[in-house]
Novice: 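Quick one: the structure is below, and I'll ask about it shortly.
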2 protein chains.
Amino acid sequence: MRNVTTASTVADHEVLAAVLQVRAGSLQVLLWERAREPHAHRWSLPGGRLGATEDVETSIRRQLEEKVDVRQLSHVEQLAVFSAPDRVPGERVIASAFLGLVPSDVDPVLPSDTAWHPVAALPRTAFDHESIVRRARDRLRAKLSYTNLGFALAPPTFTISALRALYSAALGYRVSATNLQRVLSRRGLLEPTGDTAPPGRAGGRPAALFRFTERGIEVTDPFAVLRPPNQARGGAAT
Amino acid sequence: MRNVTTASTVADHEVLAAVLQVRAGSLQVLLWERAREPHAHRWSLPGGRLGATEDVETSIRRQLEEKVDVRQLSHVEQLAVFSAPDRVPGERVIASAFLGLVPSDVDPVLPSDTAWHPVAALPRTAFDHESIVRRARDRLRAKLSYTNLGFALAPPTFTISALRALYSAALGYRVSATNLQRVLSRRGLLEPTGDTAPPGRAGGRPAALFRFTERGIEVTDPFAVLRPPNQARGGAAT
DNA sequence: CCAAAAGTGTTTAGTTTACACCCATGC
DNA sequence: GCATGGGTGTAAACTAAACACTTTTGG
């Protein structure tokens with residue numbers, strides 16, 4: 001049964017990342033412009049060939065070092081494998097696609113061929129990279145709702161209205177600052193630093209500064225329904 | 001830091017599936033016993049080498065035909081890439097792992113080296129296959145809560161108490177038939193067939209038969225929180 | 001008539017949205 | 001004082017869990 005009739009495939013494997021950040025009020029993705037064929041002058045996701053001694057996550061982190069300091073990457077996770085035989089011209093290349101997130105307060109120095117582009121208005125992209133970007137955006141939107149992933153978009157400390165702007169940009173619709181604060185506070189994700197931010201020129205009450213209590217991703221709303229009986233909100237049973 | 005052998009890695013690529021089914025009241029996974037080294041006599045996930053002309057999903061469906069008739073597979077989805085350089089001995093092999101589901105009413109004819117095993121009491125497994133099974137189980141549990149994925153575990157028609165048993169086995173804790181029916185009905189996932197199932201020897205009211213209204217997976221509870229304003233439960237904005 | 005199983009009614013609890021209102025600051 | 005933005009109080013809507021009770025069958 002191990003006798004696969006099709007010739008055993010030995011394929012190149014690349015890793016690609018859709019690195020997302022909220023910049024200038026919109027969700028943007030890091031792309032580089034291809035200089036050479038195929039797909040010259042189209043925009044492409046950063047990444048490259050998988051090395052012989054590394055797994056895919058190690059590889060994408062290594063390769064992103066050229067673009068974004070690894071310490072600036074607040075979150076990295078696998079999205080999916082893209083494996084259509086003709087997804088790139090020439091020799092077959094299978095891609096492991098990742099979502100990467102960068103907090104809104106960092107502004108990495110970029111190579112000259114690299115730039116941020118709004119996810120809602122992508123330039124002409126190479127290969128299947130546009131669908132990878134959409135997948136990354138959708139994954140981010142979903143996880144903002146049921147995990148603490150907001151920490152990966154936000155600076156170390158922030159006001160609620162700044163956080164509201166980040167969530168609004170990522171989700172694509174207005175989020176109420178009032179309710180955002182309550183939902184995140186109820187779940188124990190936010191804590192006040194005790195400091196306040198000075199008001200703008202127009203005045204206004206100084207905003208309290210907050211931080212996320214956890215720095216790593218956690219599922220905060222595990223069972224919307226069908227949760228185990230007689231428990232407030234337990235994790236999955238063994 | 002750039003000393004990684006970036007000699008473009010050409011690696012074998014395999015596809016593996018954790019095929020799950022509720023059998024005899026427990027969630028079970030389809031495994032085959034390895035006859036040869038490495039890891040002889042350990043139990044392994046079905047799958048094999050990716051073919052040259054197919055993508056990973058086509059490949060896993062093709063390879064599962066040997067074990068389970070494809071028409072009996074009610075759902076297939078990607079889990080993740082497993083790519084640790086030493087995950088299998090010898091030449092490097094990268095694996096794309098899948099979750100497969102089989103309705104509880106089918107009982108495929110299996111090769112002699114293949115058998116179902118309870119996910120909660122796995123035999124000694126080969127390579128990293130145990131962690132793939134756990135990933136599959138966790139994915140199923142999560143999606144039972146916020147999608148209509150129950151359709152993939154259930155026969156074409158079923159009683160509520162039979163459905164309750166399926167959900168209980170998959171989730172690992174008691175689910176109330178009353179609330180299960182209400183949750184699924186409210187979401188419009190269930191419809192009565194009009195028929196009833198005869199009661200057992202001990203009597204009792206005959207149970208009404210139901211079916212799922214949709215046969216493909218759909219997200220039914222897209223935003224637990226942070227949903228768009230002024231909408232009952234809209235999908236994500238563009 | 002009683003036991004058994006299925007299904008419904010209703011209460012209770014919890015969560016989130018919406019919105020009115022109060023607070024603190026600059027000018 | 002008043003405009004401006006920040007933050008809280010509170011009501012309303014919605015959802016689901018828990019549980020008592022009714023329905024329908026076999027013996």
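Within every chain, numbering begins at 1; the chains are lettered A, B, ... in the order of the sequence lines, protein sequences first and strands thereafter. These figures come from a predicted structure and were not determined experimentally.
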Novice: Just how far, in rounded Å, is P of D:dT24 from CD1 of B:I160?
Specialist: 17 Å

Novice: Ignoring hydrogens and geometry, is there a side-chain-to-backbone donor-acceptor pair from B:R139 to B:L79 under 3.5 Å?
Specialist: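 Pair found, side chain donor or acceptor close to backbone of B:L79.
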
Novice: Return the nearest nucleotide to the side chain of A:A202; candidates are D:dA16, D:dG7, D:dT4.
Specialist: D:dT4

Novice: Starting at atom OH of A:Y167, determine the distance to atom P of C:dT16, rounded to an integer number of angstrom.
Specialist: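 My rounded result for the distance is 13 Å.
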
Novice: Spell out, as yes or no, whether a donor-acceptor pair under 3.5 Å connects the side chain of B:N148 to the backbone of B:E218.
Specialist: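 Here the side-chain-to-backbone pair exists.
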
Novice: Closest nucleotide of DNA chain C for A:T178 versus for A:P206: which of these residues is on the 5' side?
Specialist: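 Nearer the 5' end of the strand: A:T178.
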
Novice: Write down the distance between CG (B:L189) and P (D:dA16), rounded to a whole number of angstrom.
Specialist: 11 Å

Novice: For C:dT8, does either OP1 or OP2 sit under 4.0 Å from a side-chain N or O belonging to B:R205?
Specialist: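 No, B:R205 has no side-chain N/O under 4.0 Å of OP1/OP2 on C:dT8.
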
Novice: Where the side chain of B:A207 is defined as all heavy atoms beyond and including C-beta, which of C:dA6, C:dC23, D:dA17 is the nearest nucleotide?
Specialist: C:dA6

Novice: Between side-chain atoms of residues 116-133 of chain A and protein atoms elsewhere (two or more places apart, or another chain), which donor-acceptor pairs fall under 3.5 Å?
Specialist:
residue, atom, partner, partner atom, Å
A:D128, OD1, A:R87, NH2, 3.0
A:D128, OD2, A:R87, NE, 2.7
A:H129, ND1, A:S44, OG, 3.3
A:H129, ND1, A:L45, N, 2.9
A:E130, OE2, A:R134, NH1, 3.3
A:S131, OG, A:D128, O, 2.8

Novice: Closest to the A:S161 side chain: D:dG6, C:dT17, D:dA16?
Specialist: D:dG6

Novice: Give a yes or no on whether the backbone of B:L180 and the side-chain of B:R164 come within a donor-acceptor separation of less than 3.5 Å.
Specialist: no

Novice: Between the protein and nucleotides 10-14 of chain C, list every N/O to N/O distance that falls short of 3.5 Å.
Specialist:
residue, atom, partner, partner atom, Å
C:dT10, O4, B:R182, NH2, 3.0

Novice: Cut-off 3.5 Å, side chains only: do B:S74 and B:Q72 have a donor facing an acceptor?
Specialist: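 No.
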
Novice: Is it the case that B:E57 and B:S59 place a side-chain donor and acceptor less than 3.5 Å from each other?
Specialist: no

Novice: Expressed as a whole number of angstroms, how long is the span from A:D195:CG to D:dG6:P?
Specialist: 17 Å

Novice: Can you tell me which nucleotide in C:dG7, D:dT8, D:dA17 comes closest to the side chain of B:A208?
Specialist: C:dG7

Novice: Expressed in angstrom and rounded to an integer, what is the separation of B:Y173 atom OH from D:dA18 atom P?
Specialist: 11 Å

Novice: What is the distance, to the nearest angstrom, from the CZ atom on B:R174 to the P atom on D:dC19?
Specialist: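 Taking CZ of B:R174 and P of D:dC19, I get 16 Å after rounding.
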
Novice: Looking at the side chain of A:N179, which of D:dT23, C:dA18, D:dA17 is the nearest nucleotide?
Specialist: C:dA18

Novice: Report yes if a side-chain nitrogen or oxygen of A:Q181 is closer than 4.0 Å to either non-bridging phosphate oxygen (OP1 or OP2) of D:dT8; otherwise report no.
Specialist: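 Yes, A:Q181 has a side-chain N/O under 4.0 Å of OP1/OP2 on D:dT8.
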
Novice: A:T114 and side-chain hydrogen bond (donor to acceptor under 3.5 Å, both in side chains): which partner among A:K67, A:E33, A:E66?
Specialist: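 So the option named by the test is A:K67.
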
Novice: May I have the distance from A:R164 (atom CZ) to D:dG6 (atom C1'), rounded to whole angstrom?
Specialist: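 Whole-Å distance recorded here is 12 Å.
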
Novice: Knowing that exactly one of A:F151, A:F212, A:F210 qualifies, which makes a ring pair (Phe, Tyr, Trp, His ring centres under 6.0 Å) with A:F158?
Specialist: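 Of the listed options, the one satisfying the test is A:F212.
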
Novice: Where the side chain of B:P199 is concerned, which of C:dT8, D:dT25, C:dG26 is the nearest nucleotide?
Specialist: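 For the B:P199 side chain, the nearest candidate turns out to be D:dT25.
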
Novice: Out of C:dT8, C:dA24, D:dG27, which nucleotide sits closest to the side chain of B:R201?
Specialist: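 Minimum distance to the B:R201 side chain belongs to D:dG27.
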
Novice: Check the distance between D:dC19's C1' and B:L180's CG and give it to me in whole angstrom.
Specialist: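 So the two atoms are 17 Å apart, to the nearest Å.
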
